[in-house]
Amino acid sequence: MENNRLLSLRSASVGYGNRDVLRDYSLDVARGELLGIVGRNGGGKSTLVKALIGLLPLRTGSLTFYDRQGQPSIRPSIGYLPQLNRIDRAFPIQVGEVIGSGLTGYVGGEEPSVLLQRAATDLQIADLLPRPISDLSGGQLQRVLLARAIVSCPELLILDEPNSYLDESAELLVCEAITQRHKQGATILLISHDRESVGQQANRIISLD
Ligand SMILES: Nc1ncnc2c1ncn2[C@@H]1O[C@H](COP(=O)(O)OP(=O)(O)OP(=O)(O)O)[C@@H](O)[C@H]1O
């Protein structure tokens, strides 16, 4: 892992108000790894993710990202799928705009409209692009948010409960999209309370209970 690390969290404490949810917590993630993060409801999975993407400050400890030479570096490009129940469904925005927001700051060489169309096609939601998100079913919105997370082909993909609200065929589609991004070299953190579903995809599983 030493030379192949993407990130290293060391002795971190993170929490809300005066309560630490994670205390003295350490985690290394290797570049190209598909890491499953499992655990009971309220175990701290989303809190860990928020700390990794900078939404929650560390109270103690450190978070370091590394480049391909193993040197400390700036944060890599990150795609994030939040839990659906944290999304404001009434916000007046169209599907295409939501997916396109995943391209903010994109500096790669590909045409943004091509990337957007590809992500929408991969998740079979191209016909939904002009629709307002308030019109969508839970499973459709989940695929839209996943498309936003993957659209820029980020180095690090963090997916919080990606299978929520999905029927069986949509689960297969999402699983395929995740596997494809992994094969292309992305490092993926897959968060779930369902150890069995994560176990089929992950190289390694950690548990937060
Ligand atoms: N914004 C917040 N303010 C205060 N406490 C919070 C907040 N978000 C989460 N918590 C608390 O932090 C603890 C960990 O929550 P977290 O959402 O990280 O768990 P989780 O493992 O992701 O759970 P789930 O499987 O239910 O999504 C819980 O006790 C929760 O009540």
Side-chain angles (χ1 to χ4, degrees), residues 6-30 33-65 75-76 78-91 98 101-102 123 133 136-150 154 156-168 170-171 174-175 177-178 181-182 186-209:
L6 179 75
L7 69 86
S8 183
L9 186 65
R10 282 279 156 273
S11 304
S13 299
V14 196
Y16 309 91
N18 54 12
R19 176 178 164 234
D20 284 343
V21 174
L22 300 176
R23 188 169 301 146
D24 197 24
Y25 188 79
S26 296
L27 172 70
D28 285 315
V29 178
E33 184 169 26
L34 203 166
L35 176 68
I37 302 174
V38 300
R40 65 173 173 81
N41 288 141
K45 304 181 292 298
S46 298
T47 301
L48 171 62
V49 163
K50 285 188 230 164
L52 294 179
I53 62 181
L55 281 179
L56 263 182
L58 302 187
R59 289 170 168 172
T60 61
S62 64
L63 171 62
T64 311
F65 291 96
R75 197 177 286 273
I78 298 177
Y80 173 48
L81 172 73
Q83 280 187 275
L84 195 54
N85 58 14
R86 309 251 157 91
I87 300 297
D88 177 4
R89 301 283 297 268
F91 193 76
V98 172
S101 69
L123 291 160
I133 61 167
L136 305 182
S137 72
Q140 288 171 330
L141 184 55
Q142 181 75 350
R143 282 187 276 156
V144 169
L145 296 175
L146 182 63
R148 180 183 67 168
I150 66 176
L156 176 59
L157 253 183
I158 301 181
L159 308 176
D160 203 342
E161 303 281 359
N163 288 336
S164 301
Y165 299 90
L166 300 183
D167 63 27
E168 237 172 76
E171 260 187 44
V174 164
C175 181
I178 294 170
R181 292 312 198 270
H182 187 224
T187 305
I188 301 180
L189 307 188
L190 203 54
I191 293 96
S192 178
H193 61 276
D194 180 2
R195 178 182 278 268
E196 204 176 309
S197 75
V198 171
Q200 292 165 6
Q201 283 188 285
N203 308 129
R204 176 167 71 108
I205 293 184
I206 58 167
S207 185
L208 285 174
D209 281 313

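One-based numbering, in listed order, for ligands and for the atoms of each.
Residues Tyr16 and Thr47 meet the side-chain proximity criterion, which asks for heavy atoms closer than 4.5 Å. Considering only heavy atoms from C-beta on, Ile78 comes within 4.5 Å of Ile158 through its side chain. Counting heavy atoms from C-beta outward, Leu27 and Leu48 have side chains that approach closer than 4.5 Å.
Heavy atoms of other residues, nucleotides or ligands lying less than 6.0 angstrom from CZ of Arg10 number more than 12.
Looking at Thr47 against ligand 1, both its backbone and its side chain come within 4.0 Å, counting heavy atoms. At a heavy-atom distance under 4.0 Å, atoms from both the backbone and the side chain of Lys45 approach ligand 1. Heavy atoms of Arg40 found under 4.0 angstrom from ligand 1 belong exclusively to the backbone.
An N or O contact shorter than 3.5 Å links Ser46 to ligand 1 by distance. Annotation: Gly39 places no N or O atom under 3.5 Å from an N or O atom of ligand 1; distance criterion only. Here's the thing with Val21: none of its N/O atoms is less than 3.5 angstrom from an N/O atom of ligand 1.
Counting the atoms of ligand 1 from 1 in the order shown, those under 4.0 Å from a heavy atom of Gly43 are 19 (O), 20 (P), 21 (O).
Judged purely by atom type and a 3.5 angstrom limit, Arg59 has no side-chain atom pairing as donor or acceptor with the backbone of Val14.
Counting heavy atoms only, Arg19 comes closest to atom 31 (O) of ligand 1 of the residues Glu161, Arg19, His193, Lys50.
Under a 4.0 angstrom heavy-atom cut-off, Gln83 registers as being in contact with ligand 1.
Defined by atom type and a distance below 3.5 Å, a donor-acceptor pair is missing between the side-chain atoms of Ser192 and Asp194.
Lys45 has no carboxylate O lying under 4.0 Å from a charged side-chain N of Asp160, or vice versa, which leaves the two without a salt bridge.
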